[in-house]
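The basis for the numbers below is simple: all heavy atoms, side chains too, and nothing from hydrogens, waters or symmetry mates. Chain identifiers are assigned alphabetically (A, B, ...) following the order of the sequence lines, protein sequences preceding nucleic acid strands; residue numbering begins at 1 within each chain. Treat the numbers as computed from the prediction; the structure is a model and nothing was measured.
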Amino acid sequence: MTETAPRPDSALPDRPSLEGLENKWDSVWSEQQLYAFDPDTTRDQVFSVDTPPPTASGALHVGHVFGYSQADMIVRYQRMRGKNVFYPLGWDDNGLPTERRAQNYFGVRCDPSLPYVEDFTPPQEGGDNKSSKTANQLPISRRNFIELCERLTAIDEKSFEEVFRTLGLSVDWNHSYQTINAHSRATSQRAFLENLQAGQAYQSEAPTMWDVTYRTAVAQAEQEDRDRDGAYHQLGFTKTDGTGESVVIATTRPELLPACVALVAHPDDERYQDLFGSTVTSPLFGVEVPVMAHPLAQPDKGAGIAMICTFGDANDVTWWRELELPTRSVIGRDGRFLPEAPWISTQEGQDRYAELAGLTVFSAQKRVVEMATESGDLTGEIEKISHPVKFYENGDKPLEYVTSRQWYLTNGGRDQSTGGLRDALIERGRELTWHPPYMESRYRNWVEGLAGDWLISRQRFFGVPFPIWYGVGADGETDHGTVLTPPVESLPIDPTIDVPAGFTADQRGVPGGFVADPDILDTWGTSSLTPQLAGGWNSDAGDDGLFGKVYPMDLRPQGHDIIRTWLFSTIVRSHLQQDSLPWKHASINGWILDPDRKKMSKSKGNVVTPIGLLEQHGSDGVRYWAGRARQGVDTAFDEGQMKIGRRLAIKILNASKFALGFGAAPVDPAGRLAADPAAVTDPLDRALLARLAQVVEQATVAFDDMDYARSLEVTEPFFWAFCDDYIELVKERAHGNSASGEAGAASARAALAIALEVQLRLFAPVIVFATEEVWSWWRGGSVHTQSWPQAAPLQDAAAGQDAALLDSVAQAAISVRRIKSDAKVSQKTPILRVKVVAPQTALAHLEAAAADLTALGRIDALELVSGESDDILTEDVELGEPPVKKPRATD
RNA sequence: GGGUCGUUAGCUCAGUUGGUCAGAGCGCCUGGUUUACACCCAGGAGGUCCCCGGUUCAAGUCCGGGACGACCCACCA
């Protein structure tokens with residue numbers, strides 16, 4: 001690019017302003033395709049970013065703005081370092097949030113039994129209230145429902161993109177993707193089929209955590225604990241040795257009494273030694289169950305002896321499996337008691353169970369307690385407690401264990417052997433470079449604590465269907481052992497519509513035919529593949545294809561709250577699929593806390609929507625707030641910081657206008673700097689460039705470690721000193737009003753141009769709009785595609801001048817200014833005479849810059865003398881008359 | 001119960017490998033209509049660096065113990 005001299009003053013705006021810069025520059029960047037990935041490239045030239053796609057359903061959170069801004073700073077730095085940046089941003093529109101939003105927005109709900117309706121018009125559009133009551137929603141077919149979901153996500157994604165553009169994210173929108181579109185569905189299905197073939201995906205009929213509201217299985221990563229009130233109920237079981245003695249157990253789930261399959265105590269518990277191997281009968285239902293020993297039983301909990309039911313909690317599952325107990329399920333998929341309990345052999349027991357059939361868990365508990373109170377089997381006090389209960393993170397009823405056939409993907413939870421999958425995944429965590437490094441331990445903790453493989457099937461509608469069918473036997477029963485798969489070329493498929501090879505549509509569901517797997521994949525089952533989705537693994541995977549040029553990605557930016565979910569599941573998929581890490585670096589951003597140090601979240605009603613902030617403080621102001629926060633550190637929501645950022649952006653505009661207004665600087669023949677370094681002859685000017693070289697070095701070291709905050713932290717104070725001290729000092733000289741004449745003016749103008757241009761580059765990753773605006777006043781192209789500044793040319797221009805000169809002069813300036821502040825007179829007041837006392841080293845500096853210092857202080861007679869103190873002091877001051885004040889316009 | 005992070009000025013936070021590290025901004029106080037900027041400028045006051053030990057010539061900084069706060073995980077009979 002050819003260097004251009006600063007344009008004449010007329011090119012500079014009279015009153016520069018931040019208003020409207022976002023729209024102005026977003027349009028230009030978009031039109032010029034400034035952030036477009038260049039496909040003609042090799043992997044080593046590329047810096048690729050795998051951003052977790054946001055869920056476009058619902059409100060955009062200020063946390064998005066925070067984290068995405070930070071990632072964008074790292075990306076912009078890499079672009080300026082000459083990398084060919086691959087920075088797509090997709091939309092995670094696959095899954096439950098979209099379903100729920102579509103239900104509210106259109107006033108519908110999915111009923112898969114209904115037929116598809118052509119040209120369907122939903123009962124409402126734009127609803128957002130609490131019309132989610134099922135009764136008010138129109139039931140529609142699955143296909144109609146999915147069409148509405150897709151319509152809604154298109155609307156939402158458009159508005160999100162507007163916000164991100166306004167924020168100044170340097171995303172290549174040409175490479176945007178959706179996790180529910182055909183390419184993503186095909187990719188997800190192909191990955192699953194390959195997992196299936198490799199034995200990494202398997203089906204199993206087992207007790208799983210089940211949400212009775214959504215009627216779907218729920219994976220470990222989607223569960224959370226909530227404190228709920230409960231109570232210990234003491235129930236007496238009767239010994240069968242003829243003594244009629246009772247064994248009292250304590251339970252918080254008395255309603256599960258009919259599902260009891262055994263009692264269990266610790267093998268070393270002396271109180272129960274005689275009972276092990278014997279049997280007891282349950283109260284109310286009279287079912288005979290064995291008393292068994294197992295080390296998991298805790299002598300100090302409850303009564304020290306527990307009833308095992310199928311299933312109340314994770315211990316029940318363990319005991320049931322390890323003690324090889326029968327299954328007696330009482331709770332159905334709708335959370336209500338099942339109609340029959342055939343293992344109950346007494347008529348009295350059957351009559352009592354009949355009262356429970358069809359009841360919810362809550363009602364059944366009430367009824368069982370009543371019955372046990374009447375019969376006298378409930379003994380002692382009911383002890384109320386508060387205890388943690390597992391919930392689906394989106395649900396409002398406790399999870400229940402339900403036995404069902406589900407699909408699992410290996411994730412190390414069951415392979416804890418040395419050198420097994422779990423170890424391999426922990427090792428992947430070590431390979432990844434974490435920013436900040438301590439975040440790795442969160443990953444490791446989670447992997448080490450996994451209780452089982454990844455349950456990836458969901459009994460929902462809007463999502464990626466399992467691309468499989470099962471054979472139907474001659475008896476009409478589904479044969480889950482016969483899994484029929486489609487060829488990869490046919491993906492994506494919907495097995496409820498498409499037909500497996502070798503069958504015809506009329507064989508669906510008939511003996512000897514086939515039946516579709518009715519489930520969809522966990523939304524993480526697709527969103528864990530974002531590097532593959534964005535990188536074109538399933539469409540452009542050859543050595544010369546896109547995937548070979550961008551994968552593994554360089555950077556994964558995300559919040560620490562989704563390390564255990566998104567980050568982990570993505571590592572699992574890449575490990576299984578590509579035998580590699582999905583990315584080299586993970587940059588982990590913190591959370592936004594409200595002023596009370598609580599996490600900001602929708603449910604707490606303290607969420608601030610970002611668009612208003614961007615308008616009020618300017619995108620540069622908001623980005624500055626994000627840029628001051630370090631990676632991984634939870635950060636207070638602080639509009640004060642945004643105001644400071646806005647002030648900085650305005651200052652950049654004003655200072656630039658001023659620095660460029662002194663007239664044209666000599667052109668650098670070598671073209672490496674904004675002006676001719678040979679013209680920089682004044683010691684003060686050289687000291688400025690020497691200091692700036694140090695700043696460039698520090699900022700570069702910081703950014704190489706992805707530490708945008710540190711870079712900003714060294715750049716910002718330099719800039720303020722540049723404005724308040726340096727510019728003030730050289731003002732007169734730059735105008736040519738100095739004894740040094742034209743040579744002195746040329747030196748100042750060159751130094752101003754060089755320093756300003758370098759600072760614009762240093763600020764560009766953070767303050768994207770104001771820097772671009774200034775750049776456009778006098779330079780060609782965009783600041784965002786310039787190279788990151790280098791220290792060496794600045795050092796050369798400084799010609800060995802010690803940067804400390806700048807500090808000495810700044811200190812002297814403070815002393816001189818203090819004279820007038822203390823005297824409470826205007827800084828314009830002349831100083832007739834002053835003696836400045838400085839240590840020997842500083843004295844030489846002051847002598848070199850004496851002319852600029854006298855201009856700054858309006859000093860007539862300046863005497864520089866050597867002193868003992870380390871400080872720079874003033875003596876023998878004689879102030880002149882303050883300038884005449886103009887009379888005020890009023891009063 | 002296990003793990004991780006934090007505690008520095010009224011507030012929000014920097015303080016690399018122990019040696020100008022007692023810092024910045026905001027807020028506060030005192031001044032200034034200074035032709036780049038009143039969305040400004042100049043000057044100033046403010047701190048037992050959570051506590052207790054230890055290592056060292058020297059400790060916000062390293063080690064041990066503790067307190068408080070935040071988050072993740074586990075426990076749910």
Show each protein N/O and nucleotides 17-26 of chain B N/O combination with a separation under 3.5 Å, one pair to a line.
{"unit_1": "B:rU20", "atom_1": "O4", "unit_2": "A:D870", "atom_2": "OD2", "d": "3.0"}
{"unit_1": "B:rC26", "atom_1": "OP1", "unit_2": "A:R647", "atom_2": "NH1", "d": "3.0"}
{"unit_1": "B:rC26", "atom_1": "OP1", "unit_2": "A:R647", "atom_2": "NH2", "d": "3.3"}

Would you check if the distance from the ring center of A:Y708 to the ring center of A:F703 is below 6.0 Å?
no

Applying the side-chain hydrogen bond (donor to acceptor under 3.5 Å, both in side chains) test to A:Y624, which of A:R646, A:H617, A:R647, A:E716 qualifies?
A:E716

Is A:K643 close enough to B:rU12 that one of its side-chain N or O atoms is under 4.0 Å from OP1 or OP2 there?
no

Per-residue pairing states of RNA chain B in dot-bracket (Watson-Crick or G-U under 3.5 Å; . unpaired, | other strand) read (((((((..((((.....[...)))).(((((.......))))).....(((((..]....))))))))))))....

Counting only side-chain heavy atoms from C-beta out, which of B:rG44, B:rC72, B:rU34 sits nearest to A:K828?
B:rU34

Are A:W210 and A:Y401 an aromatic pair, judged by ring center distance below 6.0 Å?
no

If you only use heavy atoms from C-beta on, which nucleotide in B:rC73, B:rC76, B:rC41 is closest to the side chain of A:D724?
B:rC41

All N/O pairs under 3.5 Å across the protein-nucleotides 1-8 of chain B interface:
{"unit_1": "B:rG3", "atom_1": "O2'", "unit_2": "A:N445", "atom_2": "ND2", "d": "2.8"}

B:rA36 base / A:E728 side chain donor-acceptor hit below 3.5 Å:
yes

Against the side chain of A:K824, the closest entry in B:rC41, B:rG31, B:rC72 is B:rG31

Just the rounded figure in Å: distance from C1' of B:rU34 to CZ of A:R817.
11 Å

